[in-house]
Amino acid sequence: MALSGSNELTIEVQDYIPFIQCKARFQSPSFHVDQPIQLQVFLQADCPHPVSFSKLTVSLSNQEYNQWCIMESSSQESLTMLPGKIKFYNFSFVAKTEDVGKKVEMTGIEVMLGSGNGRCVFLSWRGAGGDAASVQEALQASRSSRRWARGMETRQELNWDSLTLQHSTMIISRIPKICVQLSHQPPALTNEMYYIRLTVQSNEENVAKDVKLTAGLKPGQDANLGQATHVTLDNLVICDDRALALLTDVPLGDLKPGEKLERCVYVRCVSTGPRLFLFHLAYSIDTAVEGQQIICRCHKDETVTIETVVPFEVSVKFVSTKFEPLEQVTMDIPFLLLTDILSSSPWPLLLSSSSLQLQTVTSNTAQPESQLQQVVLQTGESASECFCLRCPPGTNSANTLATGQYLISWRRKPSGFESPLIQSAVTLPHIILEPVPVYIHADLPSFGRVRESLPVRYHIENRTALVQEVEIAVEPSDAFMFSGLKQVRLLVLPGTEQHMLYNYYPLMAGYQTLPHLNISLPRCPASNILALRRFLPQRIFVKPQGRQPDDASIAAA
């Protein structure tokens, strides 16, 4: 090769066992951007003579750092290696802030033998150097066979074989010096504006500039959670479907050293289950690294898992005015809607009000008032209310009827934060309209008295467009005598009603069963007679016969 006439000769020595061994490593697998990146190059002369070199260079994947990884001989210091003696050289440089999150790798190491004025030889290693021999025993056998190397290892301060290679390092962001605390009261309740207080305090020595907050559902979870989770900073408006699940880069201004700020984040979870929330704070700060002023971008992350539970369960049922279960309702006949709210929340619930949003049925009262205003429910407690409804005349009875919705305004009982009212809607069950050609009902006193007249007036109303024939027979009863027609046959014109008056005479005190009326409609054989009986009173309370007013005991009382 010398005969080629070139004054510069480059030798790739990594594929051989050369007379100079080289290993290099970064001192850490990662460095913060505000720390100087340090690397070491270890050289050992594996020959019987001292070796001098004039230049040592390390090439990196980012060539802008190469200028800081050069070692050249000078008149004051000679780069000389003694046989079997390990020498190491330290290099240090400051990373660029735009390289945060990137790797810096060694691409090659080069040792220059000779001077630039005459003939010189460049020994080159790829990556972080190392030996060509992959089997450690073969390398040891090769070295131990040389007499000039015997006994040298005992005087070495470093063990060459124990030196490891670290050819790359990662540049990571600066450690933030801010404290982030989250204050909330889990679990969250579905549809409520869940309150999370975020407290940020700066422990930096300089001003933390351009502080930005990213808060909300942490990305990477179930896609359905993203559609059922809404986050806002405004507690005056209930979140709707337009609200995002993650608020990004919300500006918070600057933070002076030791300064503290608070922000409130409100989360509305439409569905139950656990959710992982992320609170990411990012800011920039001026700092100095080895005399160089750099702007570091720092960030602090806090995550919290919040469980969402159902606040209460609502059961709804329709009953008659006698509180008997109803499967079908009759047009223009009052019936009752019973609602029961059972609290399953671990926190007290304040029920502000309730209302009905009716569709095909109407309220039997002009302005029904809520019976649950300002009621507080503890865990496991329930609250009930009752509404009187009716189907107005002219309602189409071809299909089942949609009743409407039951609306409940509620919130978690205030405990340091006045959350907005939440309105939950419960869809009422459908009802089946039962056709009744003739409607029969009775007027009677609230109670009777033994051996005193008890007048009962029966109203027979024809609800068809035809003349209806009604046959009525009164069954005898052991508890009552009665005066009136035992059997009667009536003709009731369309849209009119007939009246039947009976005088019952109770014979026994207590709850007594009234005499039964057997009703038949010869012109409507398919009609349900039992449905007609449902509208009639079945029992009445009979008081004992009272004493005379001039009784001595009563007068004394």
Side-chain angles (χ1 to χ4, degrees), residues 22-43 56-72 77 86-110 125-130 157-158 162-180 200-214 252 254-259 278-303:
C22 174
K23 287 184 179 182
R25 66 184 181 189
F26 286 99
Q27 290 193 1
S28 175
S30 62
F31 289 91
H32 296 282
V33 69
D34 61 336
Q35 296 176 333
I37 297 179
Q38 298 177 347
L39 63 88
Q40 291 179 317
V41 177
F42 298 89
L43 296 177
L56 170 64
T57 60
V58 180
S59 300
L60 301 172
S61 56
N62 189 339
Q63 298 182 2
E64 297 183 17
Y65 300 140
N66 290 348
Q67 56 181 321
W68 311 106
C69 301
I70 299 176
M71 179 74 70
E72 293 184 296
E77 181 182 359
I86 299 176
K87 295 197 70 173
F88 62 90
Y89 303 92
N90 295 321
F91 299 96
S92 177
F93 59 90
V94 179
K96 297 182 177 298
T97 55
E98 56 266 24
D99 286 343
V100 173
K102 298 180 182 178
K103 271 189 175 183
V104 177
E105 298 181 353
M106 299 184 197
T107 58
I109 302 173
E110 197 170 68
W125 288 266
R126 296 183 301 274
E157 298 179 359
L158 294 175
S162 65
L163 295 177
T164 58
L165 303 181
Q166 179 71 42
H167 75 284
S168 66
T169 188
M170 175 72 74
I171 301 175
I172 58 180
S173 60
R174 175 180 175 272
I175 297 178
K177 296 180 181 180
I178 60 172
C179 179
V180 178
V200 182
Q201 184 172 10
S202 174
N203 297 323
E204 297 282 1
E205 298 178 356
N206 298 324
V207 177
K209 302 178 181 178
D210 193 22
V211 182
K212 293 184 178 180
L213 170 67
T214 296
L252 301 181
D254 298 340
L255 264 181
K256 297 179 181 179
E259 186 179 359
L278 168 69
F279 295 86
H280 172 89
L281 280 165
Y283 64 95
S284 59
I285 192 167
D286 298 332
T287 186
V289 184
E290 292 192 340
Q292 298 185 33
Q293 291 291 330
I294 62 174
I295 300 177
C296 293
R297 191 71 181 169
C298 306
H299 65 87
K300 176 79 171 181
D301 289 348
E302 287 289 339
T303 57

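In terms of the side-chain hydrogen bond (donor to acceptor under 3.5 Å, both in side chains) criterion, residue partners of Lys209 (sequence neighbours excluded) are, by chain and number, Asp286. Lys102 pairs by the side-chain hydrogen bond (donor to acceptor under 3.5 Å, both in side chains) definition with nothing, not counting sequence neighbours. Considering only residues two or more places apart in sequence or on other chains, Thr107 meets the side-chain hydrogen bond (donor to acceptor under 3.5 Å, both in side chains) condition with none of them. Listed by chain and number, the residues in a salt bridge (Lys or Arg N to Asp or Glu O under 4.0 Å) with Lys300 amount to none (sequence neighbours excluded). Shown here are the side-chain hydrogen bond (donor to acceptor under 3.5 Å, both in side chains) partners of Asp301, two or more places apart in sequence or in another chain: His280.
The shortest side-chain heavy-atom distance between Gln38 and Ser92 falls under the 4.5 Å cut-off. You'll find the side chain of Pro29 reaches within 4.5 Å of the side chain of Gln166, heavy atoms only. A 4.5 Å side-chain heavy-atom check between Val207 and Pro257 finds at least one atom pair inside the cut-off. You'll find the side chain of Phe93 reaches within 4.5 Å of the side chain of Leu39, heavy atoms only.
When all heavy atoms are compared, the tightest approach of Ile109 to Gly127 is CG1-O, 3.8 Å. Heavy atoms only, all atoms of each residue included: Ile294 and Val289 are closest at CD1-CG2, 3.6 Å. Contact detail for Tyr89 and Met71: the closest heavy-atom pair is CD2-CE, 4.1 Å. Closest approach of Thr169 and Ser28 over heavy atoms only: OG1-O, 2.9 Å. Closest non-hydrogen pair, Val94 versus Tyr65, comes out as O-CE2, 3.8 Å. The two residues Leu165 and Ala128 make their nearest non-hydrogen contact at CD2-O, 3.6 Å.
Open room surrounds CD on Glu205; 12 or fewer heavy atoms of other groups in view lie less than 6.0 Å from it. Residue-environment remark: CD1 (Ile70) exceeds the threshold of 12 foreign heavy atoms within 6.0 Å. When the shell of 6.0 Å around CD of Gln63 is examined, it contains 12 or fewer heavy atoms from other residues, nucleotides or ligands.
We find the CD-CG distance between Gln67 and Leu60 to be 11.0 Å, quoted to the nearest 0.5 Å. Atom CE in Met170 sits 9.5 Å away from atom CD in Glu105 (nearest 0.5 Å). Atoms OG1 and CD1, from Thr97 and Ile295 in turn, are 7.5 Å apart once rounded to the nearest 0.5 Å. Taking CD from Glu302 and CG from Leu278, the interatomic distance works out to 9.5 Å, rounded to the nearest 0.5 Å. With rounding to the nearest 0.5 Å, the separation of CZ in Phe26 from CD in Gln40 is 11.5 Å. The structure places NE2 of His299 at 11.5 Å from OG1 of Thr214, a figure rounded to the nearest 0.5 Å.
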- Message: Quick one, Val200 with Val211, criterion side chain to side chain contact (heavy atoms under 4.5 Å, CB included). Give me CA distance, side-chain angles, the key distance, then yes/no.
- Response: CA-CA 10 Å; Val200 182; Val211 182; 5.7 Å; no
- Thr57 vs Asn66, side chain to side chain contact (heavy atoms under 4.5 Å, CB included): CA-CA, chis, key distance, verdict: CA-CA 8 Å; Thr57 60; Asn66 290 348; over 6 Å; no
- Report the C-alpha distance between Arg297 and Asp210 in whole Å, list the side-chain angles of each, state the deciding distance to 0.1 Å, and finish with yes or no for side chain to side chain contact (heavy atoms under 4.5 Å, CB included). CA-CA 10 Å; Arg297 191 71 181 169; Asp210 193 22; 4.0 Å; yes
- Message: Show, in sequence, the C-alpha distance, side-chain angles and deciding distance for Phe42 and Arg25, and conclude whether the side chain to side chain contact (heavy atoms under 4.5 Å, CB included) test is met.
- Response: CA-CA 9 Å; Phe42 298 89; Arg25 66 184 181 189; 3.6 Å; yes
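In this structure a side-chain-to-backbone donor-acceptor pair under 3.5 Å is present from His32 to Ser173. At distances below 3.5 Å, not a single donor-acceptor pair connects side-chain atoms of Ser168 with backbone N or O atoms of Val104.
Counting only residues at least two apart or on different chains, the salt bridge (charged side-chain N to carboxylate O under 4.0 Å, His left out) pairs with a member in residues 165-175 are Asp34-Arg174, Arg174-Glu204.
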